[in-house]
Amino acid sequence: LCANLKLLAMQLTLEFGGGLELLCNSLKIHKVNVDPQDGEKLTMKHLLAWVRTNLIKERPEMFMKGDSVRPGVLVLINDCDWELSEQLDTVLEEDDVVVFISTLHGG
Amino acid sequence: LCANLKLLAMQLTLEFGGGLELLCNSLKIHKVNVDPQDGEKLTMKHLLAWVRTNLIKERPEMFMKGDSVRPGVLVLINDCDWELSEQLDTVLEEDDVVVFISTLHGG
Amino acid sequence: GVSSNGQLSADMVYRYSRHLLLPSFGVEAQANLLTSSVLVIGAGGLGSPALLYLTACGVGRVGIVDHDVVELNNLQRQIIHNEANIGRSKVESAAAACRAINSTVQIVEHKEAFRTSNALEIMSKYDIVIDATDNVPSRYMINDCCVVLGKPLISGAALGLEGQLTVYNYNGGPCYRCLFPTPPPTTACQRCSDSGVLGVVPGVIGCLQALEAIKVAAAVGEPLSGRMLLLDALSARIRVVKIRGRSLQCEACGENATMTAQQFRYFDYEKFTQSPLSTSPLKLNL
Amino acid sequence: GVSSNGQLSADMVYRYSRHLLLPSFGVEAQANLLTSSVLVIGAGGLGSPALLYLTACGVGRVGIVDHDVVELNNLQRQIIHNEANIGRSKVESAAAACRAINSTVQIVEHKEAFRTSNALEIMSKYDIVIDATDNVPSRYMINDCCVVLGKPLISGAALGLEGQLTVYNYNGGPCYRCLFPTPPPTTACQRCSDSGVLGVVPGVIGCLQALEAIKVAAAVGEPLSGRMLLLDALSARIRVVKIRGRSLQCEACGENATMTAQQFRYFDYEKFTQSPLSTSPLKLNL
Ligand SMILES: [Zn+2]
Ligand SMILES: [Zn+2]
């Protein structure tokens, strides 16, 4: 049973940068366990909803717009832009690292 | 049979820096296939001998001293100093990245 | 400096000897640098080190655009300026510092804000553009101008304790709008003057901007196109990540893009981003 | 600048406002910086940006050690100097530039070579040490002096198109000898003057040295101890790798180490490394 439970919850590293960490208690790195929605697969769309519910403590509109991230936020899955995979439909795997980073404009 | 052969040769990425690349045709990154010595395991000691035979084109004394690297060369296995593993006895795994970098003194 | 047969003068051989000794740089790359020109937009936190290193390394012509004057609160990070130049135009101050380091480089002063009305004319005289500005509308405007004129854009940013760097519009790679087709909400657009910045963070990014400009100008190495460098100063973590390629749907550089010189001139970047090109910083209340 | 109750003067609040606005820096970290002191050994390629940013950011006292004079072939990378100062002591030239940027920082000039005979006395007056030298015996000597005096050492190096950076002897972490107990063969010890260096590469590393020194001085973030940053400028790859911890067998900082002030004074670093502390560069033959 324990082995099965462990298989269900997926361990991920989520990182927030460029100011987005201010929305999650100023913590940049979050090691989390997320249950796949249908007991099998975990997509980015589901993860975003999970992040909004579980990690974002304030101003969710600074993180999301509709069911995706707001304009100006880059999403990186294992150091690759999610535009190079299936964006919201990307299926995550155990130990994936997902980075959410707001683009900076200062100089 | 093909599957077995593939299992035998281990694919590694070897990187040379800090001037050591000059000993290997000025190429910094080498994707190589190395056969484990006893058909099972591939240790750093064996890899160093392999590198000396197959990649180092000149001045081997700038790379090795005895059966290890010369003083001033850092060895990194998957971005970790080999002093944190078993140095010469470290057993390599498929797709490992091994970096050999000479310390710099310029300023 | 460079004669018609590509020979360097004796003074130049001596000045650039550390470059000429480099097997992977050498005379050819130095000659490329000496005949190249770079426009640096913004003589502030990013522009300061970028201008100093471009000039020191021997870019042939360096242009500086800024409309601001030096203030005391700039000096915590804008190392090209000094106390004696407080109140003076940033362009004059920066140009003087560059000329003092390397009198053989042509330094061109553009003491004006970079706007759609003058952007094309100024930028057309340079090979490579460095975006060292500090606001969203400028970043879209500079990107579009680079796309219209076909110039590679070395884009850096720094805020707080973080920095970002990439090369846009280079060799078929993405432009700024490919990555950011829609401007961010204005509430997400903090500036150094609003939120602060550790002085040395734009220092690191500005140096890396000079490095990328030098690589493009000298035609050596692999510029940071299709990749982005992310610096987290507090944790000393630097990652280089892979970003998307050119977007066919991009409104600036895509297949059906209509961004022309004519359209650029009349595009309202302040309205598009709902942010001003220039503001007075918030007052600090401690 | 900082009054006895830790309050900043109005001028300082204005000058450092971009730091004070930062939630993760703020008044406390700035006050730490203002009461700290940093010794920069070498006013060359690495020392130039390090000195400028340490001074601009508001380190209380900055010491500069160098025995050299400014030459034209330095100006391709040593951006703290300029043509007017050719022939002048590098320390005087660098000190003048620092004072011009921030007259509230105390700049101390040490116009002499750093040697076992003066090292302890000079270094004992500072909290943090930056190694910005260019040769092997100096690197061992500075490390040992830091171990004897218990000072954190921000060590940077640049050659060709590569750079390296780490923090030694900090908070139980390794020292230079923990990593390199045996000196390299002299044939492996190239200097910038022998092999060349792209000017902006020490610029990047020197800025990062200033960043690490500021983090240690201000007591913010995680300094790069037990880790090493490796920069490959041509490919724009930067990796931060994990290195070994303090070695119990280290002859400088280990359990049975005998390195004392007395032993340090009589240690022959040139003999140990079989390299001179100072040489005339090779002539360039093109
Ligand atoms: Zn585009
Ligand atoms: Zn040690």
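Chain A is the first sequence line, chain B the second, and so forth, proteins listed ahead of strands; every chain is numbered from 1. From a predicted model like this one, the values you see are computed outputs, not experimental measurements. Basis for what follows: all heavy atoms, side chains included, without hydrogens, waters or symmetry-related copies.
- With a 4.5 angstrom heavy-atom cutoff, A:Leu20 does not touch chain C via any of its atoms.
- For C:Leu234, no part lies under 4.5 angstrom from a heavy atom of chain A.
- In this structure, A:Leu12 and A:Val97 have side chains that are not in contact, with every pair of non-hydrogen atoms separated by 4.5 Å or more.
- Within a 6.0 Å sphere centred on CD of A:Glu86, heavy atoms belonging to other residues, nucleotides or ligands number 12 at most.
- Here the side chain of C:Thr55 pairs no donor or acceptor atom with the backbone of C:Cys98 at under 3.5 angstrom.
- Contacts between C:Thr182 and chain A at a heavy-atom distance below 4.5 Å involve backbone atoms as well as side-chain atoms.
- Per-residue counts of heavy-atom pairs under 4.5 Å with chain A were compared for C:Pro181, C:Pro184, C:Pro202; the largest is that of C:Pro184.
- Only the backbone of C:Pro183 comes within contact range of chain A, with heavy atoms under 4.5 Å apart.
- Under the 3.5 Å distance criterion, the side-chain polar atoms of C:Glu270 are matched with a main-chain donor or acceptor of C:Leu277.
- By the neighbour-count criterion of 12 heavy atoms within 6.0 Å, atom CD of C:Glu251 is sparsely surrounded, having that number or fewer from other residues, nucleotides or ligands.
- In this structure, the separation between CE on C:Met141 and CE on C:Met123 is 8.5 Å, given to the nearest 0.5 Å.
- Heavy-atom distances place the side chain of C:Asp232, and not its backbone, under 4.5 Å from chain A.
- For A:Lys28, the part lying near chain C is the side chain, with the backbone staying farther off; criterion is any non-hydrogen pair under 4.5 Å.
- Looking only at heavy-atom pairs under 4.5 Å with chain C, the residue among A:Arg59, A:Met62, A:Glu61, A:Lys65 that has the most is A:Met62.
- The pair A:Asp79-C:Arg239 meets the salt-bridge criterion, with a side-chain N (NZ, NE, NH1 or NH2) lying under 4.0 Å from an Asp/Glu carboxylate O.
- Of the atoms belonging to A:Leu23, not a single heavy atom falls under 4.5 Å from chain C.
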